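Just so it is clear, the structure is predicted and the values come from calculations on it, not from any experiment.
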Amino acid sequence: WFTIKGGIRIVKHGSTKRLILCALFCALIAIGAQITIPVPYGAFTLQLLFVLLAGFLLPARDGFLTMLAYLLLGLVGAPVYAGFSGGLSSLVSPTFGFVLGMVAACPAVSWLFRRLRGRVRPFPAAVLSGLAGIAVTYLFGAVYGYFVMTLVLNQAVSPWFVVWTFCLMYLPFDAAKLLFAAVGSSALARRLPR
């Protein structure tokens, strides 16, 4: 994004817009985390909606940097995670794996969407790449949740409990978010600065 010449940072053309978009999506993901419907061991939030939109609208590198900034903001104590939580104590939350999953999912969605878009129409490309992003998020969420519940919280949990609690329970709501993001991304892409 910048080069150093003679000790002076020179910002490359277009990087200001990219930084603004990364910051905007980071803020939207933090806001989406606060719109919650609590359930046992977690909450329904709008985080994934904005993660998917970021994946559809940002290049993979920018999507990763956006999610990395969100992750680090929360870990240093900014209340950006669900329920206005943050700090290192988040690491022992059963749902922290979803945050890690979204860090991996956003650039994966971006990369896959750009590969598929050349072969199929934008809507199916968005749906397929979004489903892959949801799967990545669920994988991280379920595995992390299982280990926190068994090793940290000392609870005996079955594989079915983990699949239901960290995946299937969220699937209808996340599918609706995916459809909304897939439809909305085309309209938003036309309005974003080039």
Side-chain angles (χ1 to χ4, degrees), residues 20-58 62-110 113 123 126-127 129-142 144-145 148-149 162-189 191-192:
I20 290 169
L21 286 173
C22 289
L24 174 66
F25 275 107
C26 186
L28 287 171
I29 292 163
I31 291 167
Q34 309 319 320
I35 302 169
T36 63
I37 301 171
V39 293
Y41 302 105
F44 293 105
T45 72
L46 290 182
Q47 279 173 296
L48 190 60
L49 169 66
F50 297 113
V51 171
L52 293 172
L53 280 172
F56 298 148
L57 298 171
L58 300 177
D62 294 356
F64 174 73
L65 292 174
T66 297
M67 292 309 304
L68 184 62
Y70 175 74
L71 172 71
L72 295 176
L73 278 171
L75 288 178
V76 299
V80 295
Y81 299 153
F84 293 101
S85 62
L88 291 177
S89 62
S90 301
L91 293 170
V92 294
S93 167
T95 58
F96 187 73
F98 289 112
V99 175
L100 297 176
M102 288 184 279
V103 172
C106 188
V109 167
S110 177
F113 177 65
F123 181 77
V127 170
S129 57
L131 285 172
I134 290 172
V136 168
T137 304
Y138 285 3
L139 178 64
F140 275 79
Y144 196 93
V148 168
M149 293 189 76
V162 171
V163 170
W164 171 256
T165 304
F166 296 103
C167 302
L168 296 181
M169 182 172 64
Y170 296 103
L171 189 56
F173 190 53
D174 289 341
K177 288 184 272 189
L178 169 57
L179 291 176
F180 186 82
V183 171
S185 63
S186 296
L188 287 172
R191 290 168 174 76
L192 287 178

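- Of all non-hydrogen atoms in Leu58 and Gly63, the two that sit nearest each other are CB-N, 4.1 Å.
- Proximity of Met67 to Ile29: side-chain heavy atoms (C-beta onward) are separated by under 4.5 Å at one or more points.
- For the pair Tyr170/Val39, a side-chain contact is recorded, criterion being any heavy-atom separation below 4.5 Å from C-beta on.
- Side chain of Tyr70 to backbone of Val80: a donor-acceptor contact under 3.5 angstrom is found.
- Ser129 has its side chain within reach of Phe56: a pair of non-hydrogen atoms, C-beta onward, lies under 4.5 Å apart.
- When every heavy atom of Cys167 is checked against every heavy atom of Ala142, the shortest pair comes out as SG-CB, 3.9 Å.
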Evaluate the ring-ring contact (aromatic ring centres under 6.0 Å, His included) criterion for residues Phe166 and Tyr138: first the C-alpha distance (whole Å), next the side-chain angles of each, then the deciding distance (0.1 Å), finally the verdict.
-> CA-CA 7 Å; Phe166 296 103; Tyr138 285 3; over 10 Å; no
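- Annotation for Thr36 and Ala82: closest pair CG2-CB, 4.4 Å, computed over non-hydrogen atoms.
- Below 30°, between 30° and 60°, or above 60°: for Phe173 and Phe44 the angle between ring planes is above 60°, a perpendicular geometry.
- Panel note: side chain Ser93, backbone Thr95; a donor-acceptor pair is recorded below 3.5 Å.
- Annotation: side chain of Leu21 is not in contact with side chain of Leu57 (no heavy-atom distance under 4.5 Å).
- Of the inter-residue distances, the one linking Leu139 atom CG with Leu100 atom CG reads 11.5 Å to the nearest 0.5 angstrom.
- Residue Leu71 holds its CG atom at 10.0 Å from SG of Cys26, rounded to the nearest 0.5 Å.
- Rounding to the nearest 0.5 Å gives a distance of 11.0 Å between CG of Leu168 and CG of Asp174.
- For Gln34 (side chain) and Tyr81 (main-chain N/O), a donor-acceptor pair under 3.5 Å exists by modelled atom type.
- One finds the CG atom of Leu52 at 7.5 Å from the OG1 atom of Thr137 (value rounded to the nearest 0.5 Å).
- When all heavy atoms of Leu75 and Leu91 are compared, the pair lying nearest together is CD2-CD2, 4.0 Å.
- Within the model, atoms CD1 of Ile134 and CG of Leu171 stand 7.0 Å from one another, a figure rounded to the nearest 0.5 Å.
- Closest heavy-atom contact between Val51 and Cys106: O-SG, 3.7 Å.
- Looking at Lys177, its side chain does come within 3.5 Å of a backbone N or O of Thr45 through a donor-acceptor pair.
- Checked by atom type and distance alone, the side chain of Thr66 pairs as donor or acceptor with a backbone atom of Asp62 at under 3.5 Å.
- Here the CG atom belonging to Leu179 is positioned 11.0 Å from the CG atom belonging to Leu49, to the nearest 0.5 angstrom.
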